[in-house]
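Here the structure comes first, spelled out in structure tokens, and everything after it is commentary.
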Protein chains: 4
Amino acid sequence: MPEEKSGGGTSTVRPRRRQARGERRIAQLLEAAARVFCTSGYTAASTSSIAREAGVSPGTLYQFFPNKEAIAIELGDHLLARWHTTYGEALTQAHLELPLAELLDAVLDPLIQFNFENPAFGVLMQCTDVPGKVTLEHENLHTSALARVEEILRGRLPDAEEADIKRIVRMTFSIFKGGLDLTLAAAPEERDTYSAELKTVLHRYLDPIIGSA
Amino acid sequence: MPEEKSGGGTSTVRPRRRQARGERRIAQLLEAAARVFCTSGYTAASTSSIAREAGVSPGTLYQFFPNKEAIAIELGDHLLARWHTTYGEALTQAHLELPLAELLDAVLDPLIQFNFENPAFGVLMQCTDVPGKVTLEHENLHTSALARVEEILRGRLPDAEEADIKRIVRMTFSIFKGGLDLTLAAAPEERDTYSAELKTVLHRYLDPIIGSA
Amino acid sequence: MPEEKSGGGTSTVRPRRRQARGERRIAQLLEAAARVFCTSGYTAASTSSIAREAGVSPGTLYQFFPNKEAIAIELGDHLLARWHTTYGEALTQAHLELPLAELLDAVLDPLIQFNFENPAFGVLMQCTDVPGKVTLEHENLHTSALARVEEILRGRLPDAEEADIKRIVRMTFSIFKGGLDLTLAAAPEERDTYSAELKTVLHRYLDPIIGSA
Amino acid sequence: MPEEKSGGGTSTVRPRRRQARGERRIAQLLEAAARVFCTSGYTAASTSSIAREAGVSPGTLYQFFPNKEAIAIELGDHLLARWHTTYGEALTQAHLELPLAELLDAVLDPLIQFNFENPAFGVLMQCTDVPGKVTLEHENLHTSALARVEEILRGRLPDAEEADIKRIVRMTFSIFKGGLDLTLAAAPEERDTYSAELKTVLHRYLDPIIGSA
DNA sequence: GATGAATGAGGATTCATTCAT
DNA sequence: TATGAATGAATCCTCATTCAT
């Protein structure tokens with residue numbers, strides 16, 4: 001038992017050996033959940049359908065998640081983590097000083113790409129039914145790249161009131177969400193055009209606000 | 001069905017006597033549905049709760065609607081009709097020739113007002129679960145005042161390709177939907193600021209496209 | 001509708017006609033529940049089994065009871081009401097002044113008889129799982145004939161401390177419950193002997209306490 | 001099975017080395033089960049919760065017990081054995097010839113003490129759901145100290161019929177169980193008063209039967 | 001029409017038990 | 001042995017829908 005718990009003794013190196021199977025199952029279940037959520041939405045998705053999609057029995061699902069909501073939340077966290085791992089580092093301080101157009105490229109391209117690869121992300125973010133949504137959106141808004149807009153705004157508009165900043169950020173995020181949906185729903189050959197259009201919208205909206213800086 | 005609903009050609013003519021009670025019932029049920037949809041969303045709303053809210057029995061509900069979806073669709077149609085009756089006429093040809101800023105006022109103010117008064121409209125429009133949503137949005141896009149933007153664009157950009165027009169219209173509509181939600185969700189004293197912000201976004205977006213015309 | 005709601009106009013005479021069926025169903029369900037509770041106990045009894053025993057679908061059960069507990073509570077109330085109707089009046093003030101032996105006859109005989117005819121009563125009273133049990137036992141203890149013991153004790157032992165009274169009452173009730181179970185479980189031809197034995201126990205216990213009065 | 005559990009004839013001989021761990025596990029599991037049964041009752045207790053309480057996995061539990069019921073039965077046997085080891089020997093033939101009051105002290109005090117220290121014993125004895133309960137009660141009735149009452153009765157009432165003896169014993173046991181529960185449930189400072197009351201009841205009941213002998 | 005009872009499939013969740021490692 | 005993953009039937013309960021009155 002002791003030799004199983006610690007591999008090298010340095011840190012928490014694979015705390016248990018047996019969970020390899022479980023770990024795989026969790027990933028499997030989350031992938032299944034992502035698919036089902038995308039197809040049916042959170043509310044209409046049933047835990048049985050998720051289990052079925054994952055090829056396991058309902059009981060197995062509940063061995064890893066206490067309830068449906070937990071799946072959504074865990075999936076959100078997972079996707080957020082994947083975002084940070086894959087694209088999060090891409091936005092360095094350097095980018096923030098770019099001209100708006102390039103900043104938008106730097107921010108939006110990975111976001112769109114990520115949402116294209118992980119459509120469940122959008123589903124969870126939109127979903128009004130998951131109480132964890134707050135968490136998700138919160139996390140997203142404040143931790144993810146988009147939240148940088150807030151920083152930028154705050155930085156470039158030091159005199160602006162809190163409410164104004166908030167409004168602009170919300171509006172920006174709202175535009176982004178809508179445009180993202182359009183882009184993802186567009187025919188493959190139109191995708192770029194749609195994402196360009198979204199950037200246009202945001203550029204025209206934000207340029208008069210922060211462009212002068 | 002159509003010949004049962006309307007006696008002559010005008011659809012709002014008083015129906016025949018014996019259907020008076022039925023019409024009232026339908027209105028009652030639709031109002032109840034609107035309230036329940038707003039509270040719980042379409043998926044989570046139960047037909048029993050709608051019936052209860054309307055003060056009738058479930059059986060009665062099914063005497064007028066074949067199923068839950070039909071309620072949503074009918075409610076959508078109803079709201080659309082109400083829109084046309086109340087505000088639709090307000091947008092005359094004259095408005096279309098106004099400068100963009102004033103056009104936006106003329107178009108958005110009633111829309112926002114209407115959505116404020118009929119929050120179920122937004123719920124149905126957003127809802128991913130109602131198959132009729134497509135219908136709704138379609139109807140909305142092509143029948144409602146916002147669709148005039150398409151006309152305007154087509155008028156002012158005769159050389160533009162169909163796909164471009166469509167994209168701009170979609171983007172405009174998407175921005176509107178998002179901004180509308182923000183506006184409706186805003187605190188009462190901020191509502192005007194938010195709707196002004198929405199207009200700003202749309203103005204900055206559309207001005208370069210149609211403003212010069 | 002108006003002619004359906006009020007029959008004579010005087011009072012609440014059969015408030016609705018349609019519920020006759022429902023009323024019957026409720027009785028049916030309560031009887032089924034009584035049988036199932038007796039067979040399996042409250043915890044092990046499933047709502048489906050109750051519905052099945054009643055010959056209806058699970059959904060029907062839930063049309064009348066919000067959950068399993070409510071069935072137990074309603075059943076308890078029902079049995080209590082039946083007790084009061086059938087035997088409750090039997091114990092007049094006159095009885096309370098009888099010699100102990102006759103008092104015990106007057107009190108125990110109907111109780112035993114009632115429990116024999118309604119075995120679910122004992123099951124519910126014993127059951128530790130129904131939160132409503134408190135209600136039931138409370139009601140029973142304070143409303144039913146046995147509670148008179150408390151009155152008698154208080155009357156005949158005016159100097160006794162509250163705690164002493166309580167202890168004696170509890171002990172009496174405890175003896176009764178145990179003896180009742182034995183009596184009900186006994187072979188038919190032994191039933192009387194067992195109930196006589198129970199009376200003997202109680203008589204010997206209580207006579208030194210209140211007999212002298 | 002018996003030849004595996006005990007090497008020779010005495011059942012509490014140290015088992016063979018390699019089963020030492022197993023014995024410990026079993027004890028661990030039984031203790032956990034006792035705790036969980038006391039908290040939730042037999043029916044509501046889940047095997048997983050017992051395993052968790054014991055700090056082992058469900059699989060391990062099933063390595064020692066074929067099913068949940070077996071745990072309860074084994075626990076009952078265990079407690080019975082503990083009873084015999086700890087208190088059982090205390091009741092020598094000498095006690096049986098004591099006057100009733102002292103006999104009751106001699107018999108009841110250890111029983112109450114034991115039940116106080118091992119509350120699971122009462123839970124199992126009361127529980128209607130464990131088929132093994134019969135076993136337990138049976139065992140208890142015939143092996144435990146209380147069963148001596150039967151011997152005494154038989155000894156002092158040689159003319160009594162079997163059924164009468166049985167009835168008196170049952171009644172005595174029933175009174176004991178009820179009084180025990182009251183005593184255990186009583187506030188600490190009232191415990192002695194309640195146990196004294198129980199003895200009073202039994203004394204008054206049994207004295208006319210065997211006291212004169 | 002209107003009512004409310006009836007249905008039964010389906011959903012979330014639990015749990016005794018078994019199995020692979 | 002020990003672990004924890006896997007199972008699937010069973011539980012409570014809901015709900016869209018239908019039916020008898």
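For clarity, every value in this text was computed on a predicted model and none was experimentally measured. All chains are named by letter (A, B, ...) in the order of the sequence lines, taking the proteins before the strands, and each is independently numbered beginning at 1.
The interatomic distance linking A/R24 (CZ) with F/dG4 (P) rounds to 16 Å, in whole Å. Regarding B/E69, its CD atom lies at a distance of 18 Å from the P atom of F/dC15, rounded to whole Å. C/L61 places its CG atom 11 Å from the P atom of F/dT14, with the value rounded to the nearest Å. The CG-C1' distance, from C/L29 to E/dT7, rounds to 14 Å in whole Å. Rounded to whole Å, the distance from CZ on D/F65 to P on F/dT1 is 14 Å. Atom-to-atom, OH of C/Y62 to C1' of F/dT14 comes out at 10 Å; the value is rounded to the nearest Å. One interatomic measurement links the two molecules: CD of D/Q63 to C1' of F/dA2, which rounds to 7 Å at whole-angstrom precision. Straight-line distance from the CD1 atom of B/I50 to the C1' atom of E/dG4: 18 Å, rounded to whole Å.
Side chain of D/R25, nearest nucleotide from F/dT3, F/dC13, F/dA5: F/dT3. Minimum atom distance to the side chain of B/N67 is reached by F/dT17, of the listed F/dT17, E/dT13, F/dC13. For A/R21, taking side-chain heavy atoms from C-beta onward, the closest of the listed nucleotides F/dT17, F/dA5, F/dC12 is F/dA5.
Ranked by how close their nearest DNA chain E nucleotide is to the 5' end, A/P58 and B/V56 are led by B/V56. Remark on DNA chain F: of its neighbouring residues C/S49 and B/P66, the 5'-side contact belongs to C/S49, judged by nearest-heavy-atom nucleotide. The residue among A/S48 and C/F64 whose nearest nucleotide of DNA chain E lies closer to the 5′ end is C/F64.
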Which is it for B/I71 and B/F64 under the side chain to side chain contact (heavy atoms under 4.5 Å, CB included) test, yes or no, and what are the steps along the way?
CA-CA 9 Å; B/I71 303 174; B/F64 297 99; over 6 Å; no
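For the pair D/K68 and D/Y62, the cation-pi criterion (under 6.0 Å, within 45° of the ring axis) is not fulfilled.
Backbone-only contact: B/S46 has heavy atoms under 4.0 Å from sugar-phosphate atoms and none from a base. Using a 4.0 Å heavy-atom criterion, one finds that D/A45 contacts the sugar-phosphate atoms exclusively. The residue C/T60 sits close to a base: some heavy atom pair falls under 4.0 Å.
Between D/S57 and the phosphate of F/dA2, there is no side-chain N or O to OP1/OP2 separation shorter than 4.0 Å.
For A/T60 (side chain) and A/V56 (main-chain N/O), no donor-acceptor pair under 3.5 Å exists by modelled atom type. In this structure, D/S49 contributes its side chain and D/S46 its backbone to a donor-acceptor pair below 3.5 Å. A donor-acceptor pair under 3.5 Å links the side-chain atoms of B/Y42 to the main chain of B/E69, judged by distance alone. D/N118 contributes no side-chain N or O that, together with a main-chain N or O of D/F121, makes up a donor-acceptor pair within less than 3.5 Å.
Base pairing annotation: F/dT21 forms a Watson-Crick or G-U wobble pair with E/dA2, both donor-acceptor distances under 3.5 Å. Pair assignment for E/dT14: F/dA9, on the basis of Watson-Crick or G-U wobble contacts that are both within less than 3.5 Å. E/dT7 and F/dA16 make up a base pair, with Watson-Crick or G-U wobble contacts both under 3.5 Å.
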